[in-house]
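Below you'll find the structure, written out as structure tokens, and then a few comments.
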Amino acid sequence: MQNFDYYNPTRIVFGQGSITRLDELVPADARVLVLYGGGSAERNGTLAEVEAALGQRTVRRFGGIEPNPSYETLIEAVALIRREQLDFLLAVGGGSVIDGTKFVAAAAPYDGEPWQILEQGGSVVSRALPMGCVLTLPATGSEMNCFSVISRKSLQAKLAFSSELVFPVFSVLDPLKTYSLPPRQVANGVVDAFIHVMEQYLTYPANAPVQDRYAEALLQTLIEIGPRALASPQDYDVRANLMWTATQALNGLIGAGVPQDWATHMLGHEITALYGLDHAQTLAIVLPAMMDLRREAKRDKLLQYAARVWNIHSGGADERIDTAIAQTRTFFESLGVKTRFADYAIGAEAVPCLLAQLESHGMTALGERQDMDLALSRRVLEACL
Ligand code: NZQ
Ligand code: ZN
């Protein structure tokens, strides 16, 4: 196992009815900005519940944070905070609202041009406003990590930053709040969480049996409950387990002390930046091709994945790997998430455009061994067609 420093200060308050706990979680004298998305939290009553729980505190609202949150929108929230001297942020939504709130938390007290926070990957962040979350979409794990991914439309760029200063202080996870999700977002969440686990698991053996078995448990749970979350949208236990699984898929624990990949995500971010696909759609396209083309470097873990996650035990090694890749693709497709560029009307002309984006963002040495160059990215992208 490699050396690691695992730190996660986010308090999780889980279960139905837990929004009322906001009264004890948010400081009594806080001047609160509630940030939300395009209106789902307003329509399904979550926002009203949140505001009721905040009681007599000074509360302002900032809505309209879009999926793949944009710098252009978030910068308006920064201005509002400075104008009204607000000092506590509460994100009510999915990964986009939470990521957007993390950026706003770091940008509000920042002296320079806030885009530098993204350009420098978060290293320039020395202060941030405290923030909490009310999660409405199990998917990204953003509610219990210190990552944020922001898009700047004018530059067609989607960049990530991280800082320990933007860990949420707390996150309220009420599975009832996911009942209003459209099937597409439920499926996206299952796929995103699955691939978060894969990015931290499907590398090379590192003598870390607990991390491996924990990752396999999360994958098997997603395979088991993903279809049920779609078939029975109001099954509380299924939604509760999905929520807790997605949080744990990216709260740092399974990745502690093991090599990590993240190449699928880096290619996926460029696809969203250029073509606007949902985050999970991009991952579902890239991962099967990535597994196939990096099968030599990932051979041992691919065979372990085949045996332990999909119970594939017969046939030669390459045949077992082929079957595991095919099962993975079939799983995504069974949830309704398509796995080829052609399904999204994207043709071969996309490949050079995506490679140029990767190059301009310095994504030229990806993967757990930093050996995935642009030539290999080209082969992966071509295999996605
Ligand atoms: O905007 P509203 O009206 O709220 O609707 C949203 C949005 O249209 C809707 N929604 C959310 N909760 C709902 C609901 N609709 C009905 N009922 C509810 N309870 O769902 C739509 C998608 O929301 P979004 O927040 O964009 O989805 P998700 O949670 O999948 O977040 C995706 C973003 O997270 C980033 C992605 O890149 C993408 O920008 N990621 C963040 C990560 C992190 N911080 O660790 C890691 C991930 O790999 C990912 O990159
Ligand atoms: Zn993701």
Side-chain angles (χ1 to χ4, degrees), residues 8 10 19 35-47 49 62-71 73-74 91-103 122 133-152 157-163 166-168 171 173-200 233 239 242-243 246-252 255 260-273 276-284 286-287 337:
N8 195 320
T10 302
I19 288 179
L35 300 100
Y36 58 101
S40 74
E42 214 163 6
R43 284 191 298 277
N44 65 20
T46 308
L47 212 54
E49 260 183 75
F62 184 86
I65 298 177
E66 52 289 83
N68 307 306
S70 79
Y71 175 82
T73 300
L74 297 166
V92 181
S96 294
V97 172
I98 298 174
D99 282 11
T101 303
K102 287 174 177 172
F103 174 68
C133 307
V134 174
L135 181 68
T136 64
L137 199 178
T140 63
S142 187
E143 66 278 8
M144 200 178 175
N145 70 38
C146 61
F147 307 120
S148 164
V149 194
I150 304 298
S151 299
R152 189 162 182 174
K158 181 170 182 176
L159 301 184
F161 84 96
S162 71
S163 165
V166 300
F167 267 112
S171 285
L173 275 57
D174 180 346
L176 290 177
K177 298 300 154 205
T178 72
Y179 284 10
S180 58
L181 280 167
R184 170 171 151 190
Q185 299 304 341
V186 176
N188 278 350
V190 174
V191 169
D192 193 21
F194 192 95
I195 296 178
H196 292 160
V197 180
M198 293 294 268
E199 299 272 32
Q200 299 164 87
R239 287 296 166 104
L242 177 56
M243 216 169 195
T247 298
Q248 293 178 85
L250 196 48
N251 71 356
Q260 302 190 15
D261 183 344
W262 297 106
T264 297
H265 269 70
M266 295 308 119
L267 269 57
H269 288 169
E270 302 301 355
I271 298 169
T272 297
L277 268 57
D278 293 350
H279 174 62
Q281 293 172 336
T282 69
L283 306 178
V286 175
L287 182 74
V337 184

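Numbering of ligands and ligand atoms starts at 1, following listing order.
- Listed by number with element, the atoms of ligand 1 under 4.0 Å from a non-hydrogen atom of Pro67 are 7 (C), 8 (O), 26 (O).
- Heavy-atom proximity to Lys158, at under 4.0 Å, picks out these atoms of ligand 1: 36 (C), 37 (O), 38 (C), 39 (O).
- If you check each of Thr282, Leu250, Asn68, Asp174 against atom 38 (C) of ligand 1, the one with the closest non-hydrogen atom is Asn68.
- In terms of heavy-atom proximity, Gly94 sits nearest to Leu137 at CA-CB, 3.8 Å.
- Residue contact check for ligand 1: His196 places a non-hydrogen atom closer than 4.0 Å to it.
- Annotation for ligand 1: atoms under 4.0 Å from non-hydrogen atoms of Asp99 are 34 (O), 35 (C), 40 (N), 41 (C), 42 (C), 43 (C), 44 (N).
- Nearest heavy-atom pair across His279 and Thr282 is O-OG1, 2.6 Å.
- On a distance-only criterion, Gly37 and ligand 1 share no N/O pair closer than 3.5 Å.
- A pairwise comparison of heavy atoms in Leu287 and Ile195 identifies CD2-CG1, 3.9 Å as the closest pair.
- Taking every heavy atom of Ser142 and a limit of under 4.0 angstrom, the matching atoms of ligand 1 come to 43 (C), 44 (N).
- Proximity to Pro182 (heavy-atom distance under 4.0 Å) selects the following atoms of ligand 1: 15 (N), 16 (C).
- Using a 4.0 Å heavy-atom cutoff, Asn188 is absent from the residues neighbouring ligand 1.
- Once rounded to the nearest 0.5 Å, the distance linking NZ of Lys102 with CD1 of Ile150 reads 9.5 Å.
- Relative to atom 4 (O) of ligand 1, the option among Gly93, Ser180, Ser40 with the closest non-hydrogen atom is Ser40.
- At least one heavy atom of Pro69 sits under 4.0 Å from some atom of ligand 1.
- Angle NE2(His265) to the Zn ion (ligand 2) to OD1(Asp192), rounded to 10°: 120°.
- When only interatomic distances are considered, the shortest N/O to N/O separation between Gly95 and ligand 1 falls below 3.5 Å.
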(message) Determine whether Thr178 and Gln185 satisfy the following criterion, side-chain contact (heavy atoms from CB on, under 4.5 Å), listing intermediate values before the conclusion.
(response) CA-CA 10 Å; Thr178 72; Gln185 299 304 341; over 6 Å; no
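- Closest approach of Ala284 and Val337 over heavy atoms only: CB-CG1, 3.6 Å.
- Taking OH from Tyr71 and CG from Leu159, the interatomic distance works out to 12.0 Å, rounded to the nearest 0.5 Å.
- Atom 2 (P) of ligand 1 has its closest protein heavy atom at Gly38 N, 3.3 Å.
- For Asp278 and Asn188, the side-chain atoms include at least one donor-acceptor pair closer than 3.5 Å.
- Only the backbone of Lys177 comes within 4.0 Å of ligand 1, counting heavy atoms alone; no side-chain atom from C-beta on gets that close.
- Pairing each heavy atom of His269 with each of Val149, the nearest pair is CE1-CG1, 3.8 Å.
- In this structure a side-chain-to-backbone donor-acceptor pair under 3.5 Å is present from Ser148 to Asp99.
- The shortest N or O to N or O distance between Phe147 and ligand 1 is below 3.5 Å.
- In Ala280, neither the side chain nor the backbone holds a heavy atom less than 4.0 Å from any atom of ligand 1.
- A donor-acceptor distance shorter than 3.5 angstrom exists from the side chain of Asp174 to the backbone of Leu176, with no hydrogens or angles considered.
- Closest heavy-atom approach to atom 33 (C) of ligand 1 among the candidates Ser96, Ala160, Ser162: Ser96.
- In Thr136, the parts holding a heavy atom less than 4.0 Å from any atom of ligand 1 are both the side chain and the backbone.
- At a heavy-atom cutoff of 4.0 Å, ligand 1 is contacted by both the backbone and the side chain of Thr140.
- The shortest heavy-atom contact between Gly93 and Ile98 is O-CD1, 4.0 Å.
- Closest to atom 20 (O) of ligand 1 by heavy atom, among His269, His279, Gln185, Glu42, is Gln185.
- Ser96 places a side-chain N or O within donor-acceptor distance of the main-chain N or O of Asn68, the cut-off being under 3.5 Å.
- Ligand 1 has Gly39 within reach: a non-hydrogen atom of the residue lies less than 4.0 Å from it.
- Taking the Zn ion (ligand 2) as the corner point, the angle from His279 atom NE2 to His196 atom NE2 is about 170° (rounded to 10 degrees).
- With no hydrogens or angles considered, no side-chain donor-acceptor pair links Thr10 and Glu143 at under 3.5 Å.
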